[in-house]
Amino acid sequence: MATKTALITGGSRGIGRGIALELAATGARIAVNYAGNAAAAAATVADVKAAGGDGFAIQGDVAVAADRERLVAETLARFGRIDVLVNNAGVAPQVRADLLEAGEESFDRLFAINLKGPFFLAQAVARRMLQQERDAEGFRGRIVNITSISAYTASINRGDYCMVKAGLAMMTKLFADRLGNEGINVYEIRPGVIATDMTAGVKEKYDRLILEQGLTPIRRWGQPSDVGRAVRAIVEDRFPFSTGAVFDVDGGFHLHRL
Ligand code: NAP
């Protein structure tokens, strides 16, 4: 596989970092985006280099148009092309509120970061990918959207999060359709419960649900590397005739069981 270049939003910590480290093992060159945690981003870049890849850290809020433009421009300035966009950056609601109490502030924040940002970043990167040469197999680029089991699981104390993830799932289908004949495949990865800073505050609850009550057939927490390995398979082009595909990286959470 030729060395790929990737822009990973929210690559500094958690799942994004796990993706960066897996791609680094393929020799990838990676733009590690972060929102505010420069130290975490620098540590990820150092680990990417140690794992055999290359990269740089780049601050930018995906909810802000000028930041998105800068992310694309700087990645191109460094690497000359963008082979892979991973729309990973995302936030959970700061306060979990019942559907009948939920406020507009949280709604607007989640829609801006988790859906509007990925949409317009995918749009900007796709436009650029369309100008890139295809390789011998017709590859121009790949776009990967990190959604969640919340895309189809109702949690009435964080409806905003569920709605944006459902929107991101539809966004995957839309871009997959639009770009399918252009050498740009688009994929959705739906992680289950993954051990990151995002889930640190609910550790005991999920320890109980997963380890004692068997919430998932595979009775363990997911790790960032579980998601990273799925993205790596996509970047290594293991699914060239698949687009719009959904990968459940969730220990079997999505199964209906009786
Ligand atoms: P995390 O540990 O909280 O890390 C979030 C990452 O996103 C950080 O790198 C953070 O940068 C970055 N970020 C936050 N807001 C941003 C913004 N406005 N612009 C750019 N970057 C921003 O979260 P995670 O658990 O790894 O989650 C990553 C993705 O997976 C999210 O989309 C989340 O919804 C999804 N997901 C997570 C789980 C789970 O169980 N953890 C399950 C399903 C789906 P800084 O380091 O600078 O703060």
Side-chain angles (χ1 to χ4, degrees), residues 7-22 30-45 47-48 57-72 85-94 108-121 144-153 155 158 160-169 171-172 188-203 205-207 209-210 215-216 220-228 230-231 246-251 253-254:
L7 167 57
I8 304 175
T9 66
S12 48
R13 291 186 290 120
I15 291 173
R17 175 183 154 82
I19 295 167
L21 295 182
E22 283 295 326
I30 304 168
V32 176
N33 160 246
Y34 66 100
N37 196 332
T44 296
V45 170
D47 290 345
V48 159
I58 177 165
Q59 190 281 331
D61 181 343
V62 295
V64 176
D67 285 18
R68 289 192 299 270
E69 271 177 40
R70 192 166 43 74
L71 285 182
V72 175
L85 167 66
V86 184
N87 270 319
N88 163 76
V91 291
Q94 278 159 340
D108 288 344
R109 174 172 173 265
L110 264 69
F111 270 73
I113 297 173
N114 294 8
L115 187 55
K116 185 181 81 172
F119 178 83
F120 287 104
L121 194 56
V144 182
N145 297 318
I146 307 299
T147 65
S148 167
I149 53 177
S150 295
Y152 62 89
T153 304
S155 299
R158 49 190 172 105
D160 41 17
Y161 186 79
C162 299
M163 287 188 287
V164 292
K165 290 301 185 181
L168 196 54
M171 191 189 114
T172 306
E188 175 188 350
I189 293 188
R190 280 187 187 159
V193 185
I194 311 290
T196 69
D197 294 342
M198 186 181 276
T199 48
V202 284
K203 182 174 182 313
K205 172 184 162 184
Y206 283 108
D207 276 349
L209 284 172
I210 297 168
L215 177 73
T216 51
R220 68 165 173 86
W221 281 75
Q223 298 299 323
S225 60
D226 290 312
V227 182
V231 178
V246 181
F247 294 94
D248 297 291
V249 183
D250 65 354
F253 176 91
H254 66 282

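Atoms within each ligand, like the ligands themselves, are counted from 1 in listed order.
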>> Give me the nearest non-hydrogen protein atom to atom 12 (C) of ligand 1 as residue plus atom name, then the distance to 0.1 Å.
In response: G10 CA, 3.5 Å

> Among protein heavy atoms, which sits nearest to atom 24 (P) of ligand 1, and what does the distance come to when rounded to 0.1 Å?
Replying inline: T196 OG1, 3.6 Å

> What is the closest protein heavy atom to atom 29 (C) of ligand 1, and at what distance does it sit?
Replying inline: N88 O, 3.1 Å

> For atom 27 (O) of ligand 1, which protein heavy atom lies nearest, and how many Å away is it?
Replying inline: M198 CE, 3.8 Å

> Atom CZ in R158, atom CE in M163: separation rounded to 0.5 Å?
Replying inline: 12.5 Å

> How far apart are the closest heavy atoms of I30 and A20, and which atoms are they?
Replying inline: CD1-O, 3.3 Å

> Which one of D61, D67, V32 has a non-hydrogen atom at the shortest distance from atom 18 (N) of ligand 1?
Replying inline: D61

> Does ligand 1 have an atom that lies less than 4.0 angstrom from a heavy atom of I113?
Replying inline: yes

> Can you tell me the protein heavy atom closest to atom 42 (C) of ligand 1 and the distance?
Replying inline: G192 O, 2.9 Å

>> Just to be sure I'm reading this right: ignoring hydrogens, which of P224, A57, A89, S12 gets closest to atom 21 (N) of ligand 1? Compare them by their nearest heavy atoms.
In response: A89

> Should V62 be counted as touching ligand 1, given the test is an N or O pair under 3.5 Å?
Replying inline: yes

> Does ligand 1 have a heavy atom under 4.0 Å from the side chain of K165, from its backbone, from both, or from neither?
Replying inline: side chain

> Which heavy atom in T153 sits nearest to a heavy atom in C162, and how many Å separate them?
Replying inline: O-SG, 3.4 Å

>> Starting from atom 5 (C) of ligand 1, what is the nearest protein heavy atom, named by residue and atom, and what distance separates them?
In response: G90 O, 4.0 Å

> Shortest non-hydrogen contact from A195 to P224?
Replying inline: O-CD, 3.6 Å

> Going by heavy atoms, is A63 under 4.0 Å from ligand 1?
Replying inline: no

> Any N or O of N37 that comes nearer than 3.5 Å to an N or O of ligand 1?
Replying inline: yes

>> Can you tell me which residue among L215, V193, I210 is in a side-chain contact (heavy atoms from CB on, under 4.5 Å) with F253?
In response: L215

> Numbering the atoms of ligand 1 from 1, which are under 4.0 Å from a heavy atom of V91?
Replying inline: 14 (C), 15 (N)

> Nearest non-hydrogen atom to atom 43 (C) of ligand 1 belongs to which of A151, A112, P191, G16?
Replying inline: P191

> Is G60 near ligand 1, meaning one of its heavy atoms is under 4.0 Å from it?
Replying inline: yes

> Would you say G117 contacts ligand 1, with heavy atoms under 4.0 Å as the rule?
Replying inline: no

> Do the side-chain N and O atoms of N145 and T172 include a donor-acceptor pair separated by under 3.5 angstrom?
Replying inline: yes

> Considering only heavy atoms from C-beta outward, does the side chain of T199 approach that of W221 to under 4.5 Å?
Replying inline: yes

> Among protein heavy atoms, which lies nearest atom 37 (C) of ligand 1, and at what distance?
Replying inline: I15 CD1, 3.5 Å

> Just which atoms of ligand 1 are under 4.0 Å from any heavy atom in N33?
Replying inline: 20 (C), 21 (N)

>> Any atom of ligand 1 sitting under 4.0 Å from a heavy atom of Q59?
In response: no

>> Which option wins on minimum heavy-atom distance to atom 44 (C) of ligand 1: I146, D250, I194, T147?
In response: T147

> So, do I149 and K165 sit near enough that their side-chain heavy atoms are less than 4.5 Å apart?
Replying inline: no

> Salt bridge or not for R68 and D61, using N-O below 4.0 Å?
Replying inline: no

>> Considering non-hydrogen atoms of the protein only, which is the closest contact for atom 36 (N) of ligand 1, and what is the distance?
In response: Y161 OH, 3.7 Å

>> Could you tell me if the side chain of I8 sits less than 4.5 Å from the side chain of V32, heavy atoms only?
In response: no

>> Which residue in the set N88, T196, T44 passes side-chain hydrogen bond (donor to acceptor under 3.5 Å, both in side chains) when paired with R17?
In response: T44

> Minimum heavy-atom separation for M198 to A92, with atom names?
Replying inline: CE-N, 3.8 Å

> Less than 4.0 Å between a side-chain N and a carboxylate O, is that true for D226 and R220?
Replying inline: yes

